[in-house]
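These notes concern the structure reproduced below.
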Amino acid sequence: MAESISALCDLNRHSSLCCDQQIPMEKAFSGPKVLADRMNGLDVHRIAEADPEAFATTMATPPAVHRFPGSMAKRVQALAQFVVEHYDGDVTGIWAGGDGPTVLKRLKALPGFGDQKARIFLALLGKQFGVTPDGWREAAGHYGEDGARRSVADVTDAKSLLEVRDFKKAAKAAAKKS
């Protein structure tokens, strides 16, 4: 049972970040729960092997898992297929047995994960899930800083969510000025 819960949490973290595009964090991080309810659990092999049209329908059924359920279904399925192909379906293999820079490199190789998302995910693993390989803070860059309020890695309650939103708003405003 504990292994199943752990596997669900691992896939949940990955698919949440995959879905965290063009929608609020709360919606993105509720998506895997909705998907798990519809599929009677999250199983990386089942997602990877699902008929693409049927999986897209599962993602699009109201309420849709994402604002763009068809394209997000392709991304989530590509992520699951990558994990099956490269890690035998065990997402923990992405961060097992590597230092911070190695884990960051593995995260960047995931479909839909660029540099920023990989750093945020590494910070999320370290700050909220106790996955702290040597050098993880440095590899995560600013996202790994203790006390930062930059990303979902720093959201632990309603107050920190507002602080992250304020940071993002200020960063956008500064970018517009330059």
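It should be emphasised that the depicted structure is a prediction, and the values quoted were computed from it without experimental measurement.
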Check whether Leu161 and Phe167 end up in the same hydrophobic cluster, where Ile, Leu, Val, Met, Phe, Trp and Tyr are linked by side-chain heavy atoms less than 4.5 Å apart.
no
Within a strict 4.5 Å, meaning less than it, do heavy atoms of the Asp166 and Arg149 side chains meet?
no
Within the 4.5 Å heavy-atom criterion, are Val152 and Val164 side-chain neighbours or not?
no
Are the side chains of His142 and Glu145 in contact, using a 4.5 Å heavy-atom criterion?
yes
Between Arg38 and Thr61, what is the shortest heavy-atom contact and its length?
NH2-O, 2.8 Å
If a pair satisfies side chain to side chain donor-acceptor pair (under 3.5 Å) and one of its residues is in residues 125-136, list it, with sequence neighbours excluded.
Lys127-Asp154
Minimum-distance pair of heavy atoms, taken over all atoms of Val103 and Pro133:
CG2-CG, 4.1 Å
Take Arg106 and His86 through the side chain to side chain contact (heavy atoms under 4.5 Å, CB included) test and state the conclusion after the steps.
CA-CA 10 Å; Arg106 292 174 187 166; His86 296 276; over 6 Å; no
Please work out which of the three classes, parallel, tilted or perpendicular, describes the rings of Phe113 and Phe121, given edges at 30° and 60°.
perpendicular
Among Val91, Val44, Leu110, Val84, find the residue that satisfies the side-chain contact (heavy atoms from CB on, under 4.5 Å) test when tested with Leu79.
Leu110
Taking it one step at a time, do Tyr143 and Leu122 satisfy side chain to side chain contact (heavy atoms under 4.5 Å, CB included)?
CA-CA 8 Å; Tyr143 299 104; Leu122 181 57; over 6 Å; no
Kindly give the heavy-atom pair with the smallest separation between Tyr87 and Gly93, and that separation in Å.
CE2-O, 3.4 Å
For residues Pro101 and Gly135, report the shortest heavy-atom separation together with the two atoms involved.
CD-O, 4.3 Å
Rounded distance (nearest 0.5 Å) linking atom CZ of Arg119 with atom OG of Ser151:
12.5 Å
When rounded to the nearest 0.5 angstrom, what is the spacing between CE in Met72 and CG in Leu35?
12.0 Å
Verify the cluster assignment for Phe129 and Leu107: are they in a single hydrophobic cluster under the rule of side-chain heavy atoms below 4.5 Å apart?
yes
Minimum heavy-atom distance between Pro111 and Ala78, given as atom pair plus value:
CG-O, 3.7 Å
Any Ile47 side-chain heavy atom under 4.5 Å of Met39 side chain:
yes
At their closest point, which heavy atom of Val76 faces which heavy atom of Met59, and how far apart are they?
CG2-CE, 4.2 Å
Holding to ring-ring contact (aromatic ring centres under 6.0 Å, His included), I want the full list of residues that pass it with His45, two or more places apart in sequence or in another chain.
none
I'd like to know whether NZ of Lys74 has more than 12 heavy-atom contacts from other residues, nucleotides or ligands below 6.0 angstrom.
no
Could you grab the distance from atom CD of Gln81 to atom CD of Glu49, nearest 0.5 Å is fine?
9.0 Å
I need the Thr58 OG1 to Asp51 CG distance, nearest 0.5 Å.
9.5 Å
